[in-house]
Amino acid sequence: MRHGVARFVTGFLALPVALYLFYVVWPFVQAAGYSLTDWGGFSGSQNFVGLDNYVRLLSDELIRKAFWHNVFFLVTVPLFTIALALFLAFLLNVGGREDRAGIRGVFGSGLYKIIFFFPQVLSLVVIAVMWQQIYRTDGQGLINGMLIKIGLVDADNPIAFTADPAPFLGVPAVLWWLLLIAVWSGAGFYMVLFSAAMQSIPKDIFEAAILDGANRFHTFFRVTLPLLRDTISVAWVYLGFIALDMYALVFVMTPSQGGPNHASEIFASVLNFTAFQKGQYGYACAMGVALAIFTILLAALQLRITRRDRIEY
């Protein structure tokens, strides 16, 4: 074994690496190659156009609008999801009363963790369909029904929660209502992630801070956040990837998959429409390559900014 370790490891890794290269890396290489052509997707003819597709991206007004919508989600989805998840995790771990056993979470914290984590067991498409029913415009939706019951909405003329007749998911509120769904569906997972990280912090640190006169506010910002910085950094990167996608919510929830009037267009929805509706696969591949490069650079920048020496405790 000692003399043949290279052959032994290579024998185990050869097949997985080959499969990864063929099914993951090679399609990316193909997409990069197609992005340099005017391929229509349904013919064998491909004319090399160089960087024309990428130059076209810079002057495409719809791409610019979709890019800023992605930036909106890139800022708000991680920010609100992490803030809510940190708040819940802090309450469930050290937010309860202090007794002889030390600091503990609020009463019933185990049950709350299950409830908050529940959206994670559902497919994102299922979540989108469920919220689509909540936003229904015919008075049968949950929000509309509640407003009718308390008399804030006339049952004969309810506020519309879809694109017809008067879009509640309309300009510019559509992005905020999609944001609400993204935060609701993701906060539970990161709450559990932060809870696990908080449980690894010795309770003696929190107790010592409280004995020194720190209240829960100072304990959270002066003790908890610095010790969770690495976990928060990783969560921000993951949520950044999610924010740059958002395709399932936009496709299921919004009128015309990006409407109304392109108010909810994102890179993925424009890419899908360009490839499968317009038949401009070369241009769509250029969009995909540009989005992939932007995502990689963003993740590298985020990890670089948040890199620091590890805190020992």
Q: Determine the minimum heavy-atom distance between S264 and L178, stating which atoms define it.
A: CB-CD1, 4.2 Å
Q: Going from CE on M253 to CH2 on W131, what distance comes out if it is rounded to the nearest 0.5 angstrom?
A: 8.5 Å
Q: Can you give me the closest heavy-atom contact between L175 and F73, atom names plus distance?
A: O-CE2, 3.6 Å
Q: How long is the span from the OG atom in S233 to the CD1 atom in I82, to the nearest 0.5 Å?
A: 9.0 Å
Q: Got Y112 and L88 here, is their nearest side-chain heavy-atom distance under 4.5 Å?
A: no
Q: Ring-plane angle category for F117 and F189, please: parallel below 30°, perpendicular beyond 60°, tilted otherwise.
A: tilted
Q: For residues A66 and V270, report the shortest heavy-atom separation together with the two atoms involved.
A: CB-CG2, 3.8 Å
Q: Compare all side-chain heavy atoms of L51 with those of L36 and state whether any distance is below 4.5 angstrom.
A: yes
Q: Determine whether a donor-acceptor pair (N or O, by modelled atom type, separation under 3.5 Å) exists between the side chain of Q120 and the backbone of S185.
A: yes
Q: Test of understanding: clusters of I, L, V, M, F, W, Y form through side-chain heavy atoms closer than 4.5 Å, transitively. Do V17 and V24 belong to the same one?
A: yes
Q: State, with a plain yes or no, whether a side-chain heavy atom of V234 is found less than 4.5 Å away from one of L193.
A: no
Q: Using the rule that Ile, Leu, Val, Met, Phe, Trp and Tyr join whenever any side-chain heavy atoms are under 4.5 Å apart, tell me whether V75 and V77 fall into a single cluster.
A: no
Q: Do other residues, nucleotides or ligands put more than 12 heavy atoms under 6.0 Å from the CZ atom of F72?
A: yes
Q: Can you check whether I266's main-chain N or O pairs, donor with acceptor, with H69's side chain at less than 3.5 Å?
A: no
Q: Mark yes or no for whether T254, through its side chain, and V250, through its backbone, hold a donor-acceptor pair below 3.5 Å.
A: yes
Q: Around atom OH of Y20, are there more than 12 heavy atoms from other residues, nucleotides or ligands closer than 6.0 Å?
A: no
Q: Just wondering, do F194 and I232 contact through their side chains at under 4.5 Å, heavy atoms?
A: yes
Q: Apply side chain to side chain contact (heavy atoms under 4.5 Å, CB included) to the pair Q280 and R56, showing each step before the final yes or no.
A: CA-CA 13 Å; Q280 300 176 5; R56 180 181 170 188; 3.0 Å; yes
Q: Before we go on, tell me: are the rings of F294 and F67 under 6.0 Å apart, centre to centre?
A: yes
Q: Hey, could you give me the CG/CD1 distance between L249 and I181, rounded to the nearest 0.5 Å?
A: 5.5 Å
Q: Is Y247 linked to L271 within one hydrophobic cluster, defined over Ile, Leu, Val, Met, Phe, Trp and Tyr using a side-chain heavy-atom separation of less than 4.5 Å?
A: no
Q: What distance separates M191 CE from L92 CG, expressed to the nearest 0.5 Å?
A: 5.5 Å
Q: Test of understanding: clusters of I, L, V, M, F, W, Y form through side-chain heavy atoms closer than 4.5 Å, transitively. Do L122 and Y190 belong to the same one?
A: yes
Q: Looking only at non-hydrogen atoms, find the nearest pair between Q132 and V252 and report the distance.
A: NE2-O, 2.9 Å
Q: Same hydrophobic cluster for I242 and V126, using side-chain heavy-atom links shorter than 4.5 Å among ILVMFWY?
A: no
Q: So, taking the atom named CG in L86 and the one named CG in L91, what distance separates them when rounded to the nearest 0.5 Å?
A: 11.0 Å
Q: Considering non-hydrogen atoms only, spot the tightest contact between A128 and A248 and give its length.
A: CB-O, 4.5 Å
Q: Identify the two heavy atoms, one from A187 and one from A85, that lie closest to each other, and give their separation to 0.1 Å.
A: O-CB, 3.6 Å
Q: Please name the residue in the list D60, N53, D52 that meets the side-chain hydrogen bond (donor to acceptor under 3.5 Å, both in side chains) test with Y283.
A: D60
Q: Does a side-chain heavy-atom distance below 4.5 Å link L57 with Y54?
A: yes
Q: Side chain to side chain donor-acceptor pair (under 3.5 Å) with D38: which residues, sequence neighbours excluded?
A: N47
Q: Can you confirm whether F28 sits close enough to V25 that some side-chain heavy atom of one is under 4.5 Å from a side-chain heavy atom of the other?
A: no
Q: Does R64, at its CZ atom, have more than 12 non-hydrogen atoms belonging to other residues, nucleotides or ligands within less than 6.0 Å?
A: yes
